[in-house]
Amino acid sequence: MKDNIISEMDVTTDKIKISARDVQVYYGDNHAIKDVSVEIQDKTVTAFIGPSGCGKSTFLRCINRMNDTIDICRVEGDILIDGEDIYDSNVDPVQLRAKVGMVFQKPNPFPKSIYDNVAYGPRIHGLARNKSELDDIVERALKRAAIWNEVKDRLHAPGTGLSGGQQQRLCIARAIATEPEVLLMDEPCSALDPIATAQVEELIDELRQDYSVVIVTHSMQQAARVSQKTAFFHLGNLVEYGETDKIFTSPEDPRTESYITGRIG
Amino acid sequence: MKDNIISEMDVTTDKIKISARDVQVYYGDNHAIKDVSVEIQDKTVTAFIGPSGCGKSTFLRCINRMNDTIDICRVEGDILIDGEDIYDSNVDPVQLRAKVGMVFQKPNPFPKSIYDNVAYGPRIHGLARNKSELDDIVERALKRAAIWNEVKDRLHAPGTGLSGGQQQRLCIARAIATEPEVLLMDEPCSALDPIATAQVEELIDELRQDYSVVIVTHSMQQAARVSQKTAFFHLGNLVEYGETDKIFTSPEDPRTESYITGRIG
Amino acid sequence: AVARDQVQVAGSSTVLPYASIVAEAFGENFDFPTPVVESGGSSAGLKRFCEGVGENTIDVANSSRPIRDSDIELCTKNGVTDIIEVRIGYDGIVFASQIDGPAYTAFEPADIFNALGSKVLVDGKVVANPHTQWADFNADLPASDILAFIPGTKHGTREVFEDKVLLQGCEDTGAMQAMMDGGMDEDAAEDACIEVRGNGITVDIDGDYTETLARVDSNPNGIGVFGLAFYENNTDKLKVATIGGVEPKTETIASGEYPVSRPLFFFIKKAHIGVIPGLKEYAEFFIADEIAGPDGPLSAYGLVSDPELATTQEAVSNEDTLN
Amino acid sequence: MTDTNTSMAPAGEPKRFGSLLEQSDRTKRRNAKEKRFRLYGVAAIAVGLIFLTALVVTIILNGIPAFTQTHMTLQIELPADKLDKKGERNLADIKKVSTFGYNPLIDAALVRAVTEAGVETDITKGKDLRDMLSSGAGAQLRNAVLENPDLIGTTHAFTLLTSSRVDGYMKGRVTRVSLARDKNLTPEHLNIVDGLVDTGAIRRSFSWNFITGTDASESRPEQAGMGVAMLGSFFMMLVVLVLSLPIGVAASIYLEEFAPQNTFTDFIEVNISNLAAVPSIVFGILGLAVFIQFAHLPQSAPIVGGLTLTLMTLPTIVISTRASLKSVPPSIRDAALGVGASKMQSVLHHVLPLAMPGILTGTIIGLAQALGETAPLLLIGMVGYIATNYPDGIASGFLDPNSAMPAQIYEWAKRADPAFYERAWGGIIILLVFLVTMNAIAVMLRRRFERRW
Amino acid sequence: MPASWILLSVLALTLIGYFLARQRAVASAGGDRRLLHSLPNYYGLNAALAAAVPALALLCAWMIIQPLAINSYISNDLPAEVRAVPGELSLAMADISRVADGLSEAVARGAITTEELDKLDAEASDVRSLLAGVGVALGSDVDAQSLDLARSYRAATNTGNILRNVVVLLVALAGMAIAVMITNKDFRARNFVERAILFLLVAAASVAILTTIGIVFSLIFNTVDFFSRYPADDFFFGTRWEPSFSGRGGASDLGFLPLIWGTLFISLIALIVAVPLGLMSAIYLSEYASKPVRAVAKPLLEVLAGIPTIVYGLFALLTVGPLLLDIFGRDGALGVNWMSGGTAAMTAGLVMGMMLIPFVSSLSDDIINAVPQAMRDGSYGLGATQSETLKQVILPAALPGIVGAILLAASRAIGETMIVVLGAGAAASLSMNPFDAMTTVTAKIVSQLTGDGEFNSPETLVAFALGMTLFVITLALNIFALWIVRRYREQYE
Ligand SMILES: Nc1ncnc2c1ncn2[C@@H]1O[C@H](COP(=O)(O)OP(=O)(O)OP(=O)(O)O)[C@@H](O)[C@H]1O
Ligand SMILES: Nc1ncnc2c1ncn2[C@@H]1O[C@H](COP(=O)(O)OP(=O)(O)OP(=O)(O)O)[C@@H](O)[C@H]1O
Ligand SMILES: [Mg+2]
Ligand SMILES: [Mg+2]
Ligand SMILES: O=P([O-])([O-])[O-]
């Protein structure tokens, strides 16, 4: 087993990958995200923390326009990825989502086999030239999501027959199989045991070498361990955003501080 | 805000509430629970820990016969509650489940209003004599599940429009509203922030005064904080079961030890 | 489009049996394909007939009623000007009841009117029909409940029934005169005469004679109104009543002794003759003596053959059109 | 917090849960309710199935006799001087003898047969004896001779259909008493029939003609068959299936998954449900106006029937498809979109397969309804005396005048001769077999797609 | 080359386009399909669509336009008096085209050579029997002018066909070529193909609108005509339905109220039968029944939907009606004398209800089955019985679909004809007694339309007004239903 505390590799750059300006989100009349502006760097892990219901998932879903699918949801403001406004009418949300992958808060495997769950993305994006390449991609994704050993003998059993944690890892495998440039993960370890959590964290750190990762988590420790930047949300506001170290050691906002110090997780 | 570390109240008795003997569970050919025997005491919080996919949820679901609903699932062995075999043909699973409540791993609010979600159990069990009594029950349950403040203004909005953590607490409120004698909770805090987690833990401790609580968790700290007894599962086997303190400080089985020491969560 | 090579006929379901018998024999004996004979009602048939001239319109319309001015108007509007009218014979209309039921074997129009009219003459006064049994007004008739299944108002038969039976009965009983004396004008009195009681005593049948038969079959007291051909095919279930002492038979109807009948027709578009293969041959074959004559298959099936068939034959072979 | 503790378990309150092994009163009540509810379910299905059984038994009892037919075998002399006066065996000459010309030959043969059988009878005229045979007998002979002119001058054995009354007698429908006032046949004829049955000349056997044959005129119920109408229905259903399923599913997908929520789509939605309520006869009016009068498609053609029924079936398929698309959980769509599938891909790859059972149900019900529908066919001219010519090819199968099974049944049920009534029920059996075969395929497909998640 | 050949050629080009574009796309990415914007199939499909769609559209248009064009070209040579009358013109043209087709047939069968055909003289030879020889029957002999015109008709058709084939093939080729040319690895093929598919979806959805427009148009003129002959007040608010024969002076009462009353009454009875039975069946099948029971019972119930309605009608008339009469009739089992004849709203309603069971049961069963297991688990976990779960969780979740199924059944009930004609009796009445004879709007549409009345009389035209009015009423009901469903819709997850 590897060292539990993952060594911080110095790969962060200063390049801005995602930049949000004055984002507002409404669910009908409910103003869920208020005036959020944030710049997320490339090759960095950014953690979103904050109390339940504060809008973390909502903001995350804005970044790959998953909110488009909720009828009553309205998004205002600009979000730029690589300098391009993703809410521009010319942007194809499909291409956007291929570039910005997502792991949802509630595991949602397709009612298909485990193999097909993972192979789906590579298939529609044409990432494999042939069957054996596809097999390789699936295997690698499952391995990186630390679930390969548990499912390697039942790749063709339905993905919905897995345990909660297994489903969560399956969904992670499914998301990374398409090799997105940005990966949005909404509480990816909530149902995972410590060892699996460590493996996923290791994966996140590895992904950071090439990609930009945004992760929502309730575990301060996890945020501290994997992220370089942290954003603290509260009641729809982005209260504080900065270096993870700084947020956890000397937060500027009293709300941040009281949230951090109340830590027990 | 209250103290984060909940004081251990000494209410444990030695009365055996649930006793399982040689339980085997199969999903088709998959032998998911192997030969598990365990005795769970009344007025105690028992934690089930173990790596993802080891059978915690499966075993938990055996205790209130929720596995009956899975076609391919087969349960062997005896499980006794208050000395009565719950797999006896005379036992009505409905009555059993009223007595043994459950919070599921994936939040599953009904597509109804928040109020109706919580009022559902009390209504079918006839716990309220009139509307205002029902209102009281709902309010109390929501308060105890630490979600009252967030939803009190939208009690008649759909429960499915809540955030992940809110849904989880709603499901907890729904389960405790029926006042079961045994409460089975499958990772009840997985989507909760530290403060909400603390509140739920407080609730669990309070419930212990009268009831028996079984909780599945991936957080060793949480297990250590809230439980008096801990069971460690591994690959379908119950590896070790005993006082929580003992399991965490001087485990007997090397597997337990390696799992515990690998802790990072 | 590929040119049409068979004669197309549509219209009355009363004429359909005869037309189909002819079409079948025509197909067997000529090199032309068997004509297509659609049913759908006289009115619908004439409407399609009058839709215009051309390949995609029908050639012949069967009808159980004469063509009316409004039909001709429609035809003219659409360019269907030369129409050959062919009367093929008569349809006898009979009253029949269940074979095991009471002896309804002799009626006068007055009896029917007294039984079914909504207002009748009782003791010199016009009153709402009080009769519940046939014997109430005619001791010769059985003492059984009045129940009649009469054609619905969509059927041409209903019109004949109203004109030749109810109206006749109304006049015979003096009810008509009494109504007119009571201040109605003639039209209003006629309308009052032909009004039936409803209320479960007269039942309109919108379906076919098969439905009437089913009703009669399950109601021993019921009498039904049928076409002669239908009755003749179901003598095992039905017994027929005489009207004015005359038994309905092809002979008595042809001679005019039996009063209730109506003529049957078909109409040909002259413009289609010579263009649609076999059209004229079909028309001539239909009214040939060996088919429509008293010994032909149509008569055997129940058509009352027309005593003036020869005139019709000549008109068809000359292609004489309506005025 | 502490105050809630005390209220949780007030001292002295009776324990809520007794032994699990015995049910509490409330549980008993609830379980009784449960049992009752379940019973309602069983009862509901039982009522439906009993009704179905009653229907099917009625149909079968009434319809089975239609599948057999009585024939008479006769030795018939075909004299050359009557059939081919010139003796050149020239088809044009032989054709000059009409079907009526063959009747005397049959008459003579009948007289001979009756004498040979040794039946005592008052009926001596061949013409009267011929009432025992179908009036199509002459045509059968003529066709045989035209096909094989060499028969002329020989005596040949023909198996001819008997008339519907004789057939009815063999089937027990017609009795001597019932013939007393019949003008087609007399009880006397039945003596002859009995005699000929003894000699084996009259036999009742399975009738393929009923399944494969053409319609016949009212004077020959014994000759009528369902075959051509069956082809008519087949070609019609082909059109309906090929058009209504894809169009219906496509329309539903658009409305349910792609259409923006606005008044226009509401308008379409209301429109579609409204079309389901439009009486089928109105679709007939529409079909007549649009396909025949406007588009100039041929009258009475299966393609027109198919198009009309397609329009009628569409709402059924759309409504059921939309309902089942709606029931696919949104998380499945999210999952697909999240890995970068396009909306179209998420629908085609995930949502549609999951909605398949409902779509197939709609198709089953819609097609079944279309298969059994008569009213619109009344207006586009597919009812009457039509199914008399076999289509000679695929194209003419769609374009030539034809009837359809329900229309043929409707037509037969109306006809005067009771023999047609029997055939109508027989036709219903064939229709049901057709229906069950069609459904079986869809049901099997549906079972493959059913799953719970 | 007949149309089927050209169709096959276009199809071939489509296939070729598919493979060429696919290959070209892959090649442009240097054989690495991962560099492509879309999956290779999309490039192929794009080219296939480009080849097929414009070409086929053109082909269709051409096939419609060419005969029209030739007709007008040829008909110029017809005598003026023939051309003046549209009917005669169409007949003359039909004759000419029949002769022309016959001549082509004769040439094809070798009964005559092309040279002989050119020299053919109508006076000298019997064209009619020549054509009869190849199976083309003519109504009359062919005169010289017809023969000439038929010959030019044939020539024009041949030329037109050749031109058509060439142009269509060129268009297909061009479409394919352009699509293949613009194919490269960055070309957004998927977007193009999906837009094309979306277009198809929209087209499919608009079929419904076209149908509605069609229905309105096929009813409206005659409806207007009706109202010009019969006062609208009397129609909409009349309480008597008593058509008589207009020959006698038009004393008909054509009141709509008794008919719509009968329609709603009978539909209501049918729904009272079908909805509980259907819903309970669905619930039992989806939640309680074992797999084999479900696999058998569901398709069996579906057979009920496919039995021709005339059979139900006969069943109502012959079996159910007398049975009810035995119970509710004068000397019946209950001795209540509510019913005076076997045909009644009740008879028709009951039988129709039976027919509608599968409409409710099968659809609802599918929808109930689609409610996620987590919902059931949630409820069972709280100690709910199966029926409580069903009634309070599953059914509300499945409500939109179930309402759809019920609406469908209601629609069928309103539109049903045969059962009513045979089962309900033809009497229009405003009675409150379900055991009275009644009739419905649709039954009257059929009977007035197929009856013996004059076509242009109010008695027949009323059928269209009835159809139109019913259409508007059901439209209103549907708008109301949509509103209800919107209000009570619950969504899971
Ligand atoms: N419905 C099912 N059908 C088939 N196999 C199942 C099903 N549910 C669980 N399993 C299998 O049974 C084993 C135990 O699963 P279980 O859900 O009990 O794990 P768990 O301990 O709760 O894990 P986690 O912490 O990830 O939720 C796993 O291998 C899982 O894949
Ligand atoms: N589909 C929806 N419809 C209506 N309101 C919603 C919907 N989804 C979320 N909300 C509301 O928006 C607010 C923010 O929700 P969000 O899911 O972003 O919270 P979160 O920060 O992810 O919380 P958690 O940690 O509990 O998942 C909450 O008040 C929630 O109730
Ligand atoms: Mg969230
Ligand atoms: Mg679990
Ligand atoms: O079909 P008919 O017009 O004769 O009633």
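Below, chains carry the letters A, B, ... as their sequence lines are ordered, and counting in each starts from 1.
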Judged by atom type as modelled, is there a donor-acceptor pair below 3.5 Å linking the side chain of B/His125 to the main-chain atoms of E/Leu382?
yes
Please report the interatomic distance CE(B/Met66) to OH(E/Tyr380), rounded to the nearest 0.5 Å.
8.0 Å
CD on E/Glu388 to CZ on B/Arg123, rounded to 0.5 Å:
12.5 Å
Can you check whether E/Ala374's main-chain N or O pairs, donor with acceptor, with B/Asn108's side chain at less than 3.5 Å?
yes
If you count the non-hydrogen atoms of other residues, nucleotides and ligands that lie under 6.0 Å from CZ in B/Arg154, is the total more than 12?
yes
Please classify the contact between B/Arg174 and chain E as side chain, backbone, both or neither, with a heavy-atom cut-off of under 4.5 Å.
both
In residues 69-77 of chain B, which residues are in contact with chain E at a heavy-atom separation under 4.5 Å?
B/Thr69, B/Asp71
Roughly how far, to the nearest 0.5 Å, is CD1 of B/Ile124 from OG1 of E/Thr385?
7.0 Å
Is the backbone N or O of E/Pro396 less than 3.5 Å from a side-chain atom of B/Lys112, with the two atoms forming a donor-acceptor pair by type?
no
For E/Asp377 and B/Phe104, work out which heavy atoms get closest and say how close.
O-CZ, 3.2 Å
Exceeds 12 heavy-atom contacts within 6.0 angstrom, atom NZ of B/Lys131:
yes
Exceeds 12 heavy-atom contacts within 6.0 angstrom, atom CG of B/Asn130:
yes
Quick one: which residues of residues 272-283 of chain E reach chain B at under 4.5 angstrom, heavy atoms only?
none
Pairwise side-chain contact, E/Ile394 with B/Phe110, heavy-atom cut-off 4.5 Å (strictly under):
no
Check E/Met375 against B/Pro111 and note the closest heavy-atom contact, atom names and distance.
SD-CD, 3.4 Å
Under 4.5 Å to a heavy atom of chain E? For B/Val103 that would be neither
Using heavy-atom distances under 4.5 Å, tell me whether E/Lys391 contacts chain B through its side chain, its backbone, both, or neither.
neither
Using a 6.0 Å cut-off, check whether atom OH of B/Tyr115 has over 12 heavy atoms from anything other than its own residue.
yes
